[in-house]
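Working notes, beginning with the structure itself.
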Amino acid sequence: SNALNMGCYDDYSLSVLATSFYQRKELDNAIEIYQLKQKEFEFTPTDNYHYGILLWFTNNAKEGLEYAVKSIDGYKDEPAFQLDAYIVSARIALDLSDLKSAEKYLSECKKKYPEDYRIYQYSVALYSLQNNKKKTLDSAMKIFEYGTANPATCQMVMDECNGADKPEFA
């Protein structure tokens with residue numbers, strides 16, 4: 001904290017500090033560090049990803065979506081991270097009732113990473129909100145293919161169909 005107050009930091013140390021606060025669920029502190037970093041340095045894809053989620057969870061979903069979407073391209077060479085960035089962007093868009101954007105991110109994600117069950121999980125929510133029964137059922141059936149041995153699968157599908165509340169901070 002003293003080093004921070006004295007201006008003894010660089011872009012990397014600010015990212016490490018913000019990530020530490022993020023992981024400890026100290027949202028306000030993490031946001032404060034990201035805002036400081038943003039004044040002086042470029043964000044990394046991880047900064048964009050974490051800051052987008054932080055804004056989403058502090059009721060700034062519209063601004064959060066902008067950062068989450070930036071992380072999609074930023075992670076173009078890191079498939080596992082890009083997959084998560086697509087999913088988070090789709091979830092924020094769903095939370096904003098921006099169904100067109102949610103569908104776009106889920107569709108792009110499905111083209112690149114068709115094996116991830118979360119695409120179908122959030123597609124159930126999307127198509128349910130669009131009152132598209134056929135696509136809702138198709139997505140639900142895809143989830144069941146992934147989770148036949150998992151009893152939580154049925155609950156997951158029901159939660160998405162019922163517009164379940166935002167999950168705990170992840």
Side-chain angles (χ1 to χ4, degrees), residues 1-98 101-102 105-106 108-109 112-113 115-126 143 146-147 150-153 155-160 162-170:
S1 180
N2 285 340
L4 193 61
N5 293 334
M6 293 170 45
C8 297
Y9 53 80
D10 61 10
D11 59 338
Y12 177 75
S13 62
L14 290 175
S15 288
V16 170
L17 182 59
T19 298
S20 174
F21 284 133
Y22 172 89
Q23 290 171 339
R24 292 195 327 243
K25 299 180 177 126
E26 295 182 29
L27 309 189
D28 292 338
N29 289 333
I31 287 171
E32 186 179 327
I33 299 302
Y34 280 126
Q35 288 172 341
L36 173 64
K37 179 175 180 178
Q38 195 172 34
K39 289 178 186 172
E40 298 181 44
F41 305 104
E42 289 288 315
F43 268 13
T44 67
T46 301
D47 292 333
N48 281 318
Y49 179 79
H50 286 163
Y51 192 52
I53 291 172
L54 287 164
L55 291 170
W56 177 31
F57 278 102
T58 55
N59 299 313
N60 292 305
K62 188 171 183 173
E63 187 181 357
L65 181 59
E66 294 172 26
Y67 286 93
V69 169
K70 286 180 190 177
S71 73
I72 292 172
D73 188 52
Y75 283 138
K76 66 182 174 292
D77 297 324
E78 300 177 72
F81 293 120
Q82 187 181 53
L83 168 60
D84 286 343
Y86 272 118
I87 296 296
V88 164
S89 296
R91 291 180 63 195
I92 296 172
L94 282 169
D95 202 40
L96 289 166
S97 297
D98 182 353
S101 293
Y105 304 131
L106 288 170
E108 289 174 9
C109 188
K112 290 184 172 191
Y113 311 104
E115 297 305 311
D116 195 275
Y117 77 91
R118 294 172 299 172
I119 297 164
Y120 307 102
Q121 177 184 353
Y122 297 111
S123 291
V124 167
L126 169 69
I143 292 172
Y146 286 101
N150 186 343
T153 303
Q155 188 60 50
M156 180 195 312
V157 171
M158 292 306 299
D159 287 347
E160 295 304 331
N162 292 327
D165 289 334
K166 206 172 355 179
E168 290 296 308
F169 184 85

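Keep in mind the model is a prediction, meaning the values are calculated, not measured. Along the sequence shown, residues carry numbers from 1.
- Here the closest non-hydrogen pair linking K76 and Q82 is CA-NE2, 3.6 Å.
- Side-chain atoms of S20 do not come within 3.5 Å of backbone N or O of V16 as any donor-acceptor pair.
- The minimum heavy-atom distance between A18 and A30, with the atom names listed, is O-CB, 3.7 Å.
- Relative orientation of the F43 and Y34 rings is perpendicular, given thresholds of 30° and 60° on the angle between their planes.
- Interatomic distance, NZ of K62 versus CG of L55, reported as 13.5 Å (0.5 Å rounding).
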Check the pair I72, Y105 against side chain to side chain contact (heavy atoms under 4.5 Å, CB included), reporting the backbone distance first and the verdict last. CA-CA 9 Å; I72 292 172; Y105 304 131; 4.2 Å; yes
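- Summarising the geometry, atom CG belonging to L106 is positioned 6.0 Å from atom CG belonging to L126; distances are rounded to the nearest 0.5 Å.
- A side-chain donor-acceptor contact under 3.5 Å links T44 to the backbone of D47.
- Nearest heavy atoms, C109 versus L83: SG-CD1, 3.4 Å.
- In this structure, OG1 in T19 is found 10.5 Å from CG in L14, a value given to the nearest 0.5 Å.
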Apply the test side chain to side chain contact (heavy atoms under 4.5 Å, CB included) to residues D116 and Y86: give CA-CA distance (whole Å), side-chain angles for both, the deciding distance (0.1 Å), then the verdict. CA-CA 11 Å; D116 195 275; Y86 272 118; over 6 Å; no
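- Without hydrogens or angle criteria, N60 side chain to E63 main chain gives no donor-acceptor distance under 3.5 Å.
- Of the inter-residue distances, the one linking I53 atom CD1 with T58 atom OG1 reads 11.5 Å to the nearest 0.5 angstrom.
- Across Y75 and A85, no two heavy atoms sit closer than the pair CD1-CB, 4.1 Å.
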Carefully, step by step, assess F21 and E32 under the rule side chain to side chain contact (heavy atoms under 4.5 Å, CB included). CA-CA 10 Å; F21 284 133; E32 186 179 327; over 6 Å; no
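- Aromatic ring centres of F81 and Y49 lie farther apart than the 6.0 Å criterion allows.
- Between the side chain of S71 and the backbone N or O of A68 there is at least one donor-acceptor pair closer than 3.5 Å.
- The line from OH of Y51 to CD1 of I33 is 11.5 Å long, rounded to the nearest 0.5 Å.
- For the residue pair S89 and V69, the shortest heavy atom distance occurs at OG-N, 3.5 Å.
- When all heavy atoms are compared, the tightest approach of E42 to K37 is O-CE, 3.3 Å.
- With values rounded to the nearest 0.5 angstrom, L27 atom CG is found 9.0 Å from Y22 atom OH.
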